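Here is the structure we will look at.
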Amino acid sequence: MDFLRRWTGVAILVLLALLSLSKGLKLWALGTQVDGNGIGIYFFLIEITDLLPAERIPSYAVGFFILSLVSLIISIAMIRENLVKVDASQRTHFSE
């Protein structure tokens, strides 16, 4: 059960990294070319802001890139920790 819980956490973080990277790329591609005063930003069906001024769109894109990077780094650390735990548990089984 603990094995499944650890790898589920990794999968959720990788999914968060991919979705935030995708959102950052979409915002970066949009740039400041918007109709009207600004745009609404939604992430995971949650409204972050309903009227983001066009000049602040690149800063939000960078924020999503940072979120993606942090999520990816944490997931890599968790993968490394999970592999070390699996390796340690296999060593104890062989030594008995």
Side-chain angles (χ1 to χ4, degrees):
M1 185 66 173
D2 192 40
F3 176 82
L4 182 63
R5 189 177 306 140
R6 288 192 310 244
W7 287 105
T8 302
V10 169
I12 289 171
L13 282 172
V14 168
L15 180 64
L16 177 66
L18 291 174
L19 290 174
S20 60
L21 178 66
S22 172
K23 187 66 167 184
L25 288 173
K26 287 178 186 177
L27 288 173
W28 194 265
L30 182 63
T32 58
Q33 305 298 325
V34 296
D35 294 338
N37 295 332
I39 62 169
I41 303 284
Y42 293 87
F43 190 65
F44 281 130
L45 301 175
I46 298 172
E47 180 180 26
I48 296 175
T49 182
D50 62 345
L51 187 61
L52 179 67
E55 62 270 3
R56 297 206 46 215
I57 293 173
S59 64
Y60 271 69
V62 170
F64 279 108
F65 290 143
I66 292 171
L67 172 64
S68 175
L69 183 64
V70 169
S71 299
L72 191 62
I73 289 171
I74 292 172
S75 66
I76 289 170
M78 287 178 67
I79 289 171
R80 185 174 181 269
E81 180 182 338
N82 290 343
L83 293 177
V84 167
K85 284 185 181 182
V86 168
D87 187 40
S89 68
Q90 288 176 353
R91 282 188 207 153
T92 59
H93 290 298
F94 288 127
S95 64
E96 293 176 353

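Residue numbers count from 1 along this sequence. Because the structure is a prediction, the values reported are computed rather than measured.
Here Leu13 contributes atom CG and Ile79 contributes atom CD1; the two are 9.5 Å apart, rounded to the nearest 0.5 Å. Separating the OG atom in Ser71 from the CG atom in Leu19 is a distance of 10.0 Å, to the nearest 0.5 Å. Separation of atoms CE (Met78) and CG (Asn82) is listed at 6.0 Å; rounding is to 0.5 Å. Here the straight-line distance linking atom CG of Leu69 with atom CG of Leu72 works out to 7.0 Å at 0.5 Å rounding.
Between Ser68 and Ala17, the shortest heavy-atom distance links the atoms OG-O, 2.9 Å. In this structure, Ile41 and Ile39 approach most closely via the heavy-atom pair CD1-CD1, 3.7 Å.
Hydrophobic clustering, with ILVMFWY side chains joined whenever heavy atoms are under 4.5 angstrom apart, groups Leu25 together with Val70. Hydrophobic clustering places Leu18 together with Phe65 (ILVMFWY residues linked when any side-chain heavy atoms are closer than 4.5 Å, directly or through intermediates). Residue Ile66 is grouped with residue Leu21 when hydrophobic side chains (ILVMFWY) are merged at heavy-atom distances under 4.5 angstrom, including chains of intermediate members.
Partners of Tyr60 by ring-ring contact (aromatic ring centres under 6.0 Å, His included), not counting sequence neighbours: none found.
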Is there a side chain to side chain contact (heavy atoms under 4.5 Å, CB included) between Trp28 and Phe64 once you walk through the steps?
CA-CA 10 Å; Trp28 194 265; Phe64 279 108; over 6 Å; no
Could you pull out every donor-acceptor pair under 3.5 Å between side chains of residues 43-55 and any protein atom, sequence neighbours left out?
none

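In this structure, the side chains of Ile12 and Leu16 stay at 4.5 Å or more apart for every pair of heavy atoms. Here the side chains of Val62 and Leu27 are not in contact, with every heavy-atom distance at 4.5 Å or above.
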